[in-house]
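Comments concern the structure below.
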Amino acid sequence: MIAGFENSDTMTAAARLLLEIRQAGITDKRVLHAMESIPRDRFIPRAFRERAHDNVALPIGRQQTISQPALVALMTQALEVGDRMKVLEIGTGSGYQAAILAKLCRRLYTVERHPPLLKDAEAIFKTLRLTNITSLLRDGTMGWQEQAPFDRIMMTCAALDIPKQLIDQLTIGGIMVLPVGLEDHDQRLIKLVRTHDGAETEDLGGVRFVPLLHGVETP
Ligand code: SAH
């Protein structure tokens with residue numbers, strides 16, 4: 001192979017992906033910049049790495065998936081993350097969504113129930129010098145009470161209902177974005193804003209995520 005060719009191919013694929021993300025309605029410049037600056041291929045197992053710049057979900061092991069980039073961008077844009085904010089993510093998985101959020105906020109907290117997934121994600125955070133991420137092996141159903149309240153919460157696995165404990169860990173005016181529903185049924189992406197006396201929700205459309213499971217796996 002001629003030196004440099006591989007690189008320019010990757011550049012083209014990355015530029016094409018960014019265009020697709022824009023075409024999917026992502027206009028927030030900070031979100032687009034974060035998507036541009038985090039190398040998705042680093043979060044993908046070697047076997048699928050050549051598809052890292054395709055706008056598709058890919059397997060990351062343990063029957064889990066890294067979401068489609070356009071959906072990552074859409075959920076990130078919907079979360080309206082500011083640079084002074086404290087953000088919680090439930091479901092670290094590959095760590096890709098966490099890395100994108102970390103680019104946009106002051107501190108990103110993320111929890112995962114699979115030890116090997118968490119360990120791999122933490123190694124990538126270190127390599128990419130994403131020092132504002134705090135991660136933990138934990139059942140995220142209960143959120144992260146010790147660190148609450150959060151300005152923003154994102155769940156990247158689907159619950160049957162919106163977990164009440166998570167709403168309680170949001171600041172007033174805080175936003176949560178999460179998929180709700182059964183894996184093989186009509187799952188909806190919900191944006192929730194915590195108000196003084198409850199929460200307001202908005203349906204952002206149909207999605208398909210792996211389910212929120214209880215407890216943590218043993219290593
Ligand atoms: N944000 C991830 C998406 C991973 S898929 C990424 O960018 O790659 C969803 C993840 O949620 C899986 O890794 C799964 O193990 C995790 N998960 C499911 N239930 C959980 C729970 N109760 N607590 C923490 N993580 C959970």
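Whatever order the structure lists ligands and atoms in, that order sets their numbers, starting from 1.
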_Within 6.0 Å of CZ in Arg106, more than 12 heavy atoms from elsewhere_ = yes
*Interatomic distance, Asn55 atom CG to Leu17 atom CG [nearest 0.5 angstrom]*: 5.5 Å
*Which heavy-atom pair separates Leu118 from Leu136 by the least distance, and what is that distance?*
CD2-C, 3.6 Å
_Distance-only polar pair, side chains of Thr195 and Glu200, donor-acceptor under 3.5 Å_ = no
*For ligand 1, the portion of Val216 having any non-hydrogen atom under 4.0 Å away*: neither
*asked:* Is Gly215 close enough to touch ligand 1? Criterion: a residue heavy atom under 4.0 Å from a ligand atom.
replied: no
*asked:* Yes or no: does Thr92 have any heavy atom under 4.0 Å from an atom of ligand 1?
replied: yes
*Write out the residue and atom name of the closest protein heavy atom to atom 17 (N) of ligand 1, then the distance separating them to 0.1 Å.*
Cys157 SG, 3.7 Å
*Which part of Arg113 is near ligand 1, with near meaning a heavy atom under 4.0 Å away: side chain, backbone, both or neither?*
both
*Starting from atom 11 (O) of ligand 1, find the nearest protein heavy-atom neighbour and note its residue, name and distance.*
Gly91 CA, 3.2 Å
_Taking side-chain hydrogen bond (donor to acceptor under 3.5 Å, both in side chains) as the criterion, tell me which of Lys103, Gln97, Arg152 meets it with Thr76._
Gln97
*Record the part of Gln97 in heavy-atom contact with ligand 1 below 4.0 Å; permitted values are side chain, backbone, both and neither.*
both
*ligand 1 contact on Ala98 by region, counting heavy-atom pairs under 4.0 Å*: neither
*Identify, for atom 13 (O) of ligand 1, the protein heavy atom at the shortest distance, and state residue, atom and that distance.*
Glu112 OE1, 2.7 Å
_Within-cut-off N or O pair, Ser67 and ligand 1, under 3.5 Å_ = no
_Evaluation steps, salt bridge (Lys or Arg N to Asp or Glu O under 4.0 Å), between Asp139 and Arg113_ = CA-CA 6 Å; Asp139 177 352; Arg113 59 184 295 280; over 6 Å; no
*With heavy atoms under 4.0 Å as the rule, classify the contact between Arg138 and ligand 1 as side chain, backbone, both or neither.*
backbone
*Between Gln145 and Gln169, do the side chains contain an N or O donor and an N or O acceptor separated by less than 3.5 Å?*
yes
*Is there a heavy atom in Arg62 that sits closer than 4.0 Å to ligand 1?*
no
*Are Thr110 and Glu89 close enough that a side-chain donor and a side-chain acceptor fall under 3.5 Å?*
yes
